[in-house]
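Here the structure comes first, spelled out in structure tokens, and everything after it is commentary.
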Amino acid sequence: MTDTHALLAELVAFDTTSRSSNLALLAHVEALLDRSGIPHLRGLDATGTKANLVARIGPETAGGVVLAAHTDCVPVEGQSWSSDPFTLTARGDRLHGRGTTDMKGFLASVLAHVPAMAAAELTRPLLLVLTYDEEIGTVGAPSAVELLLASQPRPEAVIVGEPTLLAPVTVHKGVRTYTTIVEGRDGHSSQPRLAANALAAAARIATFIDDLAARHRAGSGDPTFDPPYTTFNLATLHAGQAINIVPRRAELTWEYRPVPADDSEALAAEVERYATEVVLPQLRSTTGDGTITFRADTVARGLAPEPDGAAEALVRRLTGATDPAGSVPFGTDGGHFQDAGLSTVVCGPGSIEQAHQADEWIATEQLAGCDAMLQALIAELSRPS
């Protein structure tokens with residue numbers, strides 16, 4: 001078993017499902033860093049049960065490279081596994097276990113190379129950034145980027161090691177999820193003029209969002225993606241108590257996934273403006289009662305193409321990739337790094353087709369390819385800049 005495989009077995013053994021703490025895994029990583037004398041720091045979330053981690057290997061100078069990975073994984077409940085999902089199991093050239101592809105394989109490869117990174121005469125630093133709760137909406141990434149920029153010299157490039165079969169990916173959509181809460185006034189269904197129907201108001205907002213979706217489907221779009229336009233989803237609508245009671249409260253959940261060319265802030269503002277200027281006066285027209293509030297639950301930023309981007313160019317030098325950069329249908333932490341002005345590329349071992357399912361696996365040749373990429377990175381940063 002290679003060092004990467006052994007470390008992957010250790011990482012898979014930690015149940016870092018997003019509902020759980022990631023602190024035990026971080027403590028394990030910190031112990032590995034301590035053995036090589038690598039400085040590191042945590043950034044705790046508001047609950048104190050989860051944290052980001054930033055570490056620097058090499059000189060405290062600008063122009064370094066960030067290796068970014070999330071530490072959480074998705075649940076295993078309801079899936080039919082052939083083996084313990086939290087025990088790495090080899091079957092031929094495949095290593096099975098929760099998170100092997102998404103994305104503990106990349107992290108294991110990075111950690112396996114920490115001693116070599118620490119021993120190299122780096123002229124620019126390697127920066128490790130580990131985040132929490134990526135799987136539920138890149139929740140930890142914004143504060144991780146803040147911690148990185150507040151504590152370290154500004155890096156030149158960011159490699160987010162999500163599974164891309166080690167091909168450079170420079171584009172993905174973002175994700176924004178919302179809960180819209182309508183409060184009206186309940187009353188007897190025979191006297192609707194004495195009530196304010198929250199369900200009716202929420203339905204008007206839902207119809208507006210659906211019309212907005214149709215408008216984007218009919219637009220020119222972005223052929224980089226499938227589908228090539230910003231998508232919307234009306235997810236849940238909860239309201240009402242009984243057939244003869246006017247609903248006082250309604251709760252609507254919805255999301256959209258914008259292509260980079262669309263102004264994602266403007267899309268949310270358009271829905272809120274319609275709710276405030278059109279729906280709210282209607283809600284209040286009978287009794288004067290009514291409020292509509294919007295809660296942003298998730299903001300996962302998209303990744304936009306970077307002409308002559310430093311991060312893409314770096315990955316091409318390291319891997320020898322010559323095909324055009326690709327796009328992926330899933331989100332990553334990458335958009336938050338890019339939003340902070342850092343050149344960012346997504347490139348890591350494994351395929352997303354094996355992620356989030358029973359018997360998740362990664363091919364040993366993909367881990368070997370990631371090992372080779374990191375060895376090339378150490379050599380590149382050891383040369384005079």
Side-chain angles (χ1 to χ4, degrees), residues 1-22 24-26 28-29 50 67-112 130-141 159-167 169 172-173 175 226 298 300 326-334 346-374:
M1 180 180 286
T2 67
D3 289 344
T4 297
H5 295 184
L7 280 162
L8 180 55
E10 294 173 6
L11 295 176
V12 167
F14 290 96
D15 180 356
T16 52
T17 306
S18 301
R19 62 171 177 263
S20 306
S21 172
N22 71 337
L25 183 146
L26 287 190
H28 186 69
V29 171
K50 299 181 181 183
L67 300 173
H70 64 80
T71 58
D72 60 321
C73 57
V74 297
V76 300
E77 286 78 12
Q79 296 182 334
S80 180
W81 284 73
S82 302
S83 55
D84 180 357
F86 299 107
T87 299
L88 190 68
T89 304
R91 300 185 199 124
D93 64 351
R94 298 178 178 181
L95 300 176
H96 295 261
R98 175 55 85 222
T100 48
T101 289
D102 189 12
M103 57 179 299
K104 291 179 178 179
F106 175 75
L107 179 55
S109 183
V110 170
L111 295 176
L130 309 187
T131 66
Y132 65 87
D133 284 358
E134 187 274 347
E135 294 288 6
I136 56 174
T138 66
V139 174
I159 300 173
V160 180
E162 293 274 12
T164 67
L165 292 172
L166 294 169
V169 164
H172 64 67
K173 291 181 181 179
V175 183
D226 181 21
T298 297
S327 65
V328 290
F330 56 90
T332 77
D333 286 335
V346 181
C347 182
S351 168
I352 199 65
E353 293 181 3
Q354 277 79 58
H356 291 205
Q357 60 183 284
D359 292 343
E360 178 181 348
W361 58 270
I362 192 168
T364 55
E365 66 176 4
Q366 283 289 303
L367 292 177
C370 189
D371 289 343
M373 180 179 75
L374 294 174

* Output, in order, the C-alpha distance, side-chain angles, deciding distance and verdict of side chain to side chain contact (heavy atoms under 4.5 Å, CB included) for Glu162 and Phe330. => CA-CA 10 Å; Glu162 293 274 12; Phe330 56 90; 4.1 Å; yes

* Minimum side-chain heavy-atom gap Ser351-Thr101 below 4.5 Å -> no

* Any luck finding a side-chain donor-acceptor pair between Asn22 and Thr71 under 3.5 Å? -> yes

* Does Thr164 reach the main-chain N or O of Gly348 with its side chain, forming a donor-acceptor pair under 3.5 Å? -> yes

* When you check the side-chain N and O atoms of Thr16 and Lys104, is any donor under 3.5 Å from an acceptor? -> yes

* **Side chain proximity check, Leu111 to Val29, heavy atoms < 4.5 angstrom** => yes

* **Side chain to side chain, Val110 and Leu374, heavy atoms closer than 4.5 Å** => yes

* To do: Check each of Arg91, Gln79, Arg94 against Asp359 using the side chain to side chain contact (heavy atoms under 4.5 Å, CB included) test, and report the only one that passes.
  => Arg91

* Pair Ser327, His172: side-chain N/O donor-acceptor within cut-off below 3.5 Å -> no

* Asked: Sub-3.5 Å donor-acceptor pair from the side chain of Arg98 to the main-chain atoms of Glu360, do we have one?
  -> no

* Shortest non-hydrogen contact between Ala68 and Phe106, atoms and distance -> O-CE2, 3.5 Å

* To do: Mind checking the SG-CD1 spacing from Cys347 to Ile159? Nearest 0.5 Å is all I need.
  => 7.0 Å

* Side-chain donor-acceptor pair present, Thr4, Asp371, cut-off under 3.5 Å -> yes

* Salt bridge flag under 4.0 Å for residues Arg19 and Glu77 -> yes

* Kindly determine whether Leu107 and Leu11 satisfy side chain to side chain contact (heavy atoms under 4.5 Å, CB included), including the steps that lead there. => CA-CA 9 Å; Leu107 179 55; Leu11 295 176; 3.9 Å; yes

* Which is it for Asp84 and Thr89 under the side chain to side chain contact (heavy atoms under 4.5 Å, CB included) test, yes or no, and what are the steps along the way? -> CA-CA 8 Å; Asp84 180 357; Thr89 304; 6.0 Å; no

* To do: Please check if the side chain of Glu134 supplies one atom and the backbone of Ala141 the other of a donor-acceptor pair under 3.5 Å.
  => no

* Asked: Under 3.5 Å, is there a donor-acceptor pair between the His28 and Glu10 side chains?
  -> yes

* Asked: What's the shortest heavy-atom distance between Val12 and Pro85, and which atoms?
  -> CG1-O, 3.5 Å

* Asked: Run the side chain to side chain contact (heavy atoms under 4.5 Å, CB included) check on Tyr132 and Asp72 step by step: do they pass?
  -> CA-CA 6 Å; Tyr132 65 87; Asp72 60 321; 5.9 Å; no

* Asked: Distance from Leu95 atom CG to Leu367 atom CG, nearest 0.5 Å?
  -> 6.0 Å

* **SG on Cys73 to CZ on Phe14, rounded to 0.5 Å** => 12.0 Å

* To do: State, yes or no, whether a side-chain contact exists between Thr17 and Val74 at a heavy-atom distance under 4.5 Å.
  => no

* To do: First locate atom OG of Ser21, then atom CG of Leu26, and finally report the distance between them rounded to the nearest 0.5 Å.
  => 8.0 Å

* Asked: Using a distance-only test with no angle check, is there a side-chain donor-acceptor pair under 3.5 angstrom linking Asp333 and Thr138?
  -> no

* Asked: Would a distance-only check, ignoring hydrogens and angles, find a side-chain to backbone donor-acceptor pair under 3.5 Å from Gln366 to Gly350?
  -> yes

* Interatomic distance, Ser18 atom OG to Ile136 atom CD1 [nearest 0.5 angstrom] -> 5.0 Å

* Looking at Pro349 and Gly161, what are the two nearest heavy atoms and their distance? -> CD-O, 4.2 Å

* Taking atom OG of Ser109 and atom NE2 of His5, what is their separation to the nearest 0.5 Å? -> 9.0 Å

* Asked: Side chains of Asp102 and His70: is there a donor and an acceptor less than 3.5 Å apart?
  -> yes

* To do: With the side chain counted from C-beta on, respond yes when Leu88 and Thr100 share a heavy-atom pair under 4.5 Å apart, and no when they do not.
  => yes

